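I have a structure I would like to understand better, so I am pasting it below and will then ask my questions one at a time.
In this text, all values refer to a predicted model and were calculated from it rather than measured experimentally. Order of listing sets the numbers, starting from 1, for every ligand and every atom in it. Count residues from 1 along the sequence.
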Amino acid sequence: MQISPSILAADFANLEQELRRVSNADWAHVDVMDAHFVPNLTLGLPVVEALLRVSPIPLDAHLMIEDPDRWAPLYAEAGCQSVTFHIEAARHPRRLARTLRAAGARACMALKPETSFTPYEPLLADLDMVLVMTVEPGFGGQSFMVDQMPKVRQVREAIKRHGGEIWVQVDGGVSATTIEQCAEAGADVFVAGSAVYGAEDAAAAIEELRALVSTHVH
Ligand code: DX5
Ligand code: ZN
């Protein structure tokens, strides 16, 4: 069970300090948005390279961008240990996943709330993680979509059939009140933005989330 705080909810003027606040987490989740794939713009490769130089924990890059076939490998080459592309934007997802792995990153496929997992199940052989979005990507602080839990279950079942160590990540509206349903459905990597950075003590918020799911095993 791993916690990946999203720095989207952090103070962008003090990112090094903000990464240190969550150094007890497993990953730091970095939301890259290009104002095309999603209607919001955050940061790109130069900032991610700077974050990699100072982060005490590995970076989990979530690319909400067009043309990930072209751009995602650069994040892996830069040193992000997990790179997530959206299946809705990828042209050659299998080739892209293999390229990410060859560059030393864990390869992850993300699904927007309206995207079905079924047609993409055959990609599991080339993936290390599947991200089931529990909000419409683009903004932090939105409400958790409980209607995505059947998809989390479906992905976990498919992974059990397939075998191998493939993680299931949830992202969006994950908090102390929603995290247990995610774990129950089969998630094992939990992204939390406002629930962590909105807390006075971010490290304590991470431990609280971890404790809530620590008894679940998949
Ligand atoms: C949304 C991003 C999320 C976001 C989560 O598009 O992918 O990572 O930061 O924020 P919260 O936890 O506040 O919903
Ligand atoms: Zn994200």
- Ring geometry between Trp27 and Trp167 (parallel below 30°, tilted from 30 to 60°, perpendicular above 60°):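 Trp167 vs Trp27 ring planes: perpendicular.
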Discussion item. Less than 3.5 Å apart, any donor N or O on the side chain of Glu88 or Thr115 sitting next to an acceptor on the other?
Written reply: yes
Every residue of the protein that comes under 4.0 Å of ligand 1, judged on heavy atoms: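 These residues qualify: Ser6, Leu8, His29, Asp31, Met33, His62, Met64, Met133, Pro137, Gly138, Phe139, Gly140, Gly141, Asp171, Gly172, Gly173, Val191, Ala192, Gly193, Ser194.
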Of all the N, O or S atoms in Asp171, the one nearest to the Zn ion (ligand 2) is OD2
* **Donor-acceptor pair, side chain of Ser55 and main chain of Leu51, under 3.5 angstrom** =>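 Flag not set: sc Ser55 to bb Leu51 has no pair under 3.5 Å.
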Among N, O or S atoms, His62 approaches the Zn ion (ligand 2) most closely through ND1
### Task
Measure the CG-SG distance between Asp60 and Cys108 for me, rounded to the nearest 0.5 Å.
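It is 7.5 Å, given to the nearest 0.5 Å.
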Interatomic distance, CZ@Phe117 vs CZ@Arg156, rounded to 0.5 Å, equals 11.0 Å
Looking at Asp31, the N, O or S atom sitting nearest the Zn ion (ligand 2) is OD1
Determine whether the side chains of Lys151 and Gln154 contain a donor N or O and an acceptor N or O closer than 3.5 Å.
-> no
Between Glu157 and Arg161, does at least one N-O distance fall below 4.0 Å, as a salt bridge requires?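 Salt bridge: no.
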